[in-house]
Amino acid sequence: MYIVVVLDRNHEPLLIAFALGTFNCDDSWLWFMRRLKECLGDNTEVGFISHMYDSIDFAFQRVYPDSYHGYCCKNIAEKIRASTGSNIVVEQLFWKTCKAYNMSDFYACLNNLQNEVNENDMDWLDNIPTAKWVRAFFPKVRFNVKFIDIPDIVNWIRTNRHEFPITTIIEMVNDSMQAVYVQRAAFGVHFTGDYHGLPTPYALKVLHKRFIHSDGCIIRHNVGDIYEVTSLQRLEIVEIQQMVNLKLTTAVYRNGFQTETVNPIPTLRHWEIPV
């Protein structure tokens, strides 16, 4: 199953496209990516994260050559786990290296990682460009997204041992997509009144976490989303709404789910059978 997942404005995974095809097949992935581009358009600001499959690389290079394409760090961590015998210390060092915010921290973490493992066990990591997995090297839109969260329905289909007809699988996934959109539309209805235009719960959670870890700063809640921040004998009045990208506001979230945005699957006799 080929799937495309996006993060909505509340940082939750959302399945937007799927297809069934041959595993790791260049032609199938190329067909899928071309159909995806017909829907998304030629937007080079879109960033993609995928598993490390040659067929996916092949399709990206031909369909989205100017867009950012990185690798899922969970996928890399799985390879490290397999090559080092599930060494927890090594895996923790990898994630610390992956999450480094600047180049100096990255090289320091990478040195610790290399000192902890046998060089032959990790030589394959040297062949992966750092911009594909290290946060400090991320270009454009991918900065804090490091891995892919697979929707529950897809995981269930992948792990369930029972075999279903293709038409049944498509109907199951489509019904699940419709249900998720309905649930999030209902969730967005609560973003009214005092909450209109404020950051989504995810954005607020991140901001408050940053407040807690702000070294040398004293934060006092004033009113609404306005805070007083004292640092180095300097007082600043901070309005959270001004610190958050418009895309992460409740208004944008609500608008995204207020209409029916999942295209219905036509009946079998209306299917277009490709050559």
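Any value given below was found using the heavy atoms of this structure, including those in side chains, with hydrogens, waters and symmetry copies removed.
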N/O donor-acceptor pair under 3.5 Å between S67 side chain and Y64 backbone: no

Should R81 and E78 count as an ion pair when the cut-off is N to O under 4.0 Å? no

Pairwise distance CG(L204) to CG(L248) - rounded to 0.5 angstrom: 10.0 Å

Before giving the answer on side-chain contact (heavy atoms from CB on, under 4.5 Å), spell out for M33 and R62 the whole-Å C-alpha distance, their side-chain angles and the decisive distance to 0.1 Å. CA-CA 9 Å; M33 290 300 299; R62 284 153 182 78; over 6 Å; no

Ring centroid separation W29 to F58 under 6.0 Å: no

Taking the six-membered ring for Trp, are F257 and F187 ring centroids under 6.0 Å apart? no

Hey, is CG on D54 packed in by over 12 heavy atoms from elsewhere, all under 6.0 Å? no

With hydrophobic residues grouped by side-chain heavy-atom distances under 4.5 Å, do M172 and I3 end up in a single group? yes

Going from CG on L110 to CG on L93, what distance comes out if it is rounded to the nearest 0.5 angstrom? 10.5 Å

Side chains of V180 and L14, heavy atoms from C-beta outward: is any pair under 4.5 Å? yes

Heavy-atom closest contact (T22 atom, S28 atom, distance): N-OG, 4.0 Å

Step by step, work out the side-chain contact (heavy atoms from CB on, under 4.5 Å) result for V134 and M103. CA-CA 9 Å; V134 181; M103 295 184 185; over 6 Å; no

Output, in order, the C-alpha distance, side-chain angles, deciding distance and verdict of side-chain contact (heavy atoms from CB on, under 4.5 Å) for V63 and L30. CA-CA 7 Å; V63 180; L30 189 59; 3.7 Å; yes

Side-chain contact test, heavy atoms from C-beta onward, threshold under 4.5 Å: evaluate it for V4 versus L15 and give yes or no. no

Could you tell me if the side chain of R184 sits less than 4.5 Å from the side chain of D8, heavy atoms only? yes

Under 6.0 Å between ring centres, would you say that holds for F60 and F48? yes

Measure the shortest side-chain to side-chain distance between T249 and T200 over non-hydrogen atoms and say whether it is less than 4.5 angstrom. no

For the atom pair OG (S83) and CG (D123), what is the distance rounded to the nearest 0.5 Å? 9.0 Å

Answer yes or no: is there a side-chain heavy-atom contact under 4.5 Å between L20 and I170? yes

What heavy-atom pair brings E91 and A77 nearest, and what distance separates the two atoms? OE2-CB, 4.2 Å

Do K205 and H11 have side chains that approach each other closer than 4.5 Å (heavy atoms only, starting at C-beta)? no

Does any N or O in the side chain of N111 come within less than 3.5 Å of the main-chain N or O of Y107, such that one atom is a donor and the other an acceptor? no

Ring pair (Phe, Tyr, Trp, His ring centres under 6.0 Å) partner of W133, the single match among F94, Y71, F138: F94

Atom SG of C39 and atom CD1 of I16: how far apart are they, to the nearest 0.5 Å? 8.0 Å

Minimum side-chain heavy-atom gap N10-P201 below 4.5 Å: yes

Side chains of F106 and T97, heavy atoms from C-beta outward: is any pair under 4.5 Å? yes

Should R9 and R254 be marked as a side-chain contact (heavy atoms from CB on, under 4.5 Å) after you check the CA-CA gap, both sets of side-chain angles, and the distance that decides it? CA-CA 9 Å; R9 304 317 184 193; R254 186 174 59 254; over 6 Å; no

Please determine whether the number of non-hydrogen atoms from other residues, nucleotides or ligands lying under 6.0 Å from atom CG of D27 exceeds 12. no

Take N112 and N115 through the test side-chain hydrogen bond (donor to acceptor under 3.5 Å, both in side chains) and record every step on the way to the result. CA-CA 5 Å; N112 293 334; N115 290 336; 4.8 Å; no

Rounded distance (nearest 0.5 Å) linking atom OG of S55 with atom CG of N24: 3.5 Å

K37, NZ: over 12 other non-hydrogen atoms inside 6.0 angstrom: yes

Y2 side, atom OH; Y53 side, atom OH - distance, nearest 0.5 Å: 11.0 Å

Test side-chain hydrogen bond (donor to acceptor under 3.5 Å, both in side chains) on H69 and K132 and set out the steps. CA-CA 7 Å; H69 173 216; K132 291 276 191 180; 3.3 Å; yes

